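Note sheet for the following structure.
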Amino acid sequence: MEELKQEVYEANMLLPKYNLVTFTWGNVSGIDRDKNLLVIKPSGVDYDQLSPEKMVVVDLDGNVVEGELNPSSDTATHCVLYKQFPNIKGVVHTHSPWAVSFAQAGLDIPAAGTTHADTFYGPIPVSRAMEEDEVVTDYEKQTGDVIVETFLKRHIDPDEVPAVLVNDHGPFTWGKSAFQAVHNAVVLEEVAKMAYHSLQLNPHHIEMDHYLLDKHYLRKHGRNAYYGQAIDK
Ligand SMILES: O=C(CO)[C@@H](O)[C@H](O)COP(=O)(O)O
């Protein structure tokens, strides 16, 4: 687990580097799928006080297996995502302002251009607002459940759109490693900013044409399709 602690520590340090967080906001985790153990940032610790040794190891139920500090307050959300999205090995939560603005407005981030399509095969979905009892009982676990519900109800593949906006809260991203999850968080913030400005310039021309989304995303990610029909060429 030492290697994963080092990776997750370095991934956490990228959040302030790319201006995705302020103070102790946000968190990154990574999972060892063989051991079913995840490493996550400790709760409430300033980024400049972090070290690989301060990372916390928990099981998929959030029980601390190793570490002196409390795990991130969002640990339960990370655990739900690892359980429900079997191909992911890293999760990130940030408070990046442009993505949070869409989350607070209850709006998807539209697939407005090829910058978006490079990483996300469609709009970034915003979850529904959570009910009072969901917030009061176990907010962080319920947050994970609402994220999974969003992808199931909208038939979105989490491997093709590795990001979500939690309504009234902020973004979560994921990927095949903690570093890839951070990369997706950086791209998410950039495309949120671009989409906001595109909407201001021309709200009537925002969603990119599907054939361009298909060609661009699927060509970059190993498939080639046209209007969703896979073309074996
Ligand atoms: O979303 C929130 C608070 O709104 C949390 O993600 C904090 O931003 C970070 O909490 P810790 O990871 O330090 O517990």
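Note that ligands are numbered from 1 as they come in the structure, with each ligand's atoms numbered from 1 the same way. It should be emphasised that the depicted structure is a prediction, and the values quoted were computed from it without experimental measurement.
Those atoms of ligand 1 that come under 4.0 Å of a heavy atom in Thr24, given as number and element, are 9 (C), 13 (O). With ligand atoms numbered from 1 in the order given, ligand 1 contributes 11 (P), 12 (O), 13 (O) to contacts under 4.0 Å with heavy atoms of Lys41. Every atom of ligand 1 with a heavy atom of Asn27 under 4.0 Å away is listed here by number and element: 6 (O), 9 (C), 12 (O).
Between Trp25 and ligand 1, a contact under 3.5 Å exists for no N or O pair.
By the 6.0 Å contact criterion, CZ on Phe179 is enclosed, its count of non-hydrogen atoms from other residues, nucleotides or ligands being greater than 12.
When Gly26, Ser72, Gly44, Ser43 are checked for heavy-atom proximity to atom 7 (C) of ligand 1, Gly26 turns out nearest.
Side-chain N/O atoms of Glu2 and Gln6 include no donor and acceptor closer than 3.5 Å. Looking at Asn36 and Tyr82, their side chains never bring a donor and an acceptor atom within 3.5 Å of each other.
The protein atom (non-hydrogen) at minimum distance from atom 5 (C) of ligand 1 is Asp74 OD2, 3.2 Å. Of the protein's non-hydrogen atoms, His95 NE2, 3.4 Å is the one closest to atom 2 (C) of ligand 1. Of all protein heavy atoms, the one lying nearest to atom 10 (O) of ligand 1 is Ser73 OG, 3.2 Å.
The aromatic rings of Phe120 and His116 stand perpendicular to each other, their planes meeting at an angle above 60°, with 30° marking the opposite boundary. Relative ring orientation between Phe172 and His78 is described as perpendicular, the plane-to-plane angle rising above 60° on a 0-90° scale split at 30° and 60°. Note: Tyr196 and Trp98 have tilted aromatic rings, judged against thresholds of 30 and 60 degrees for the angle between ring planes.
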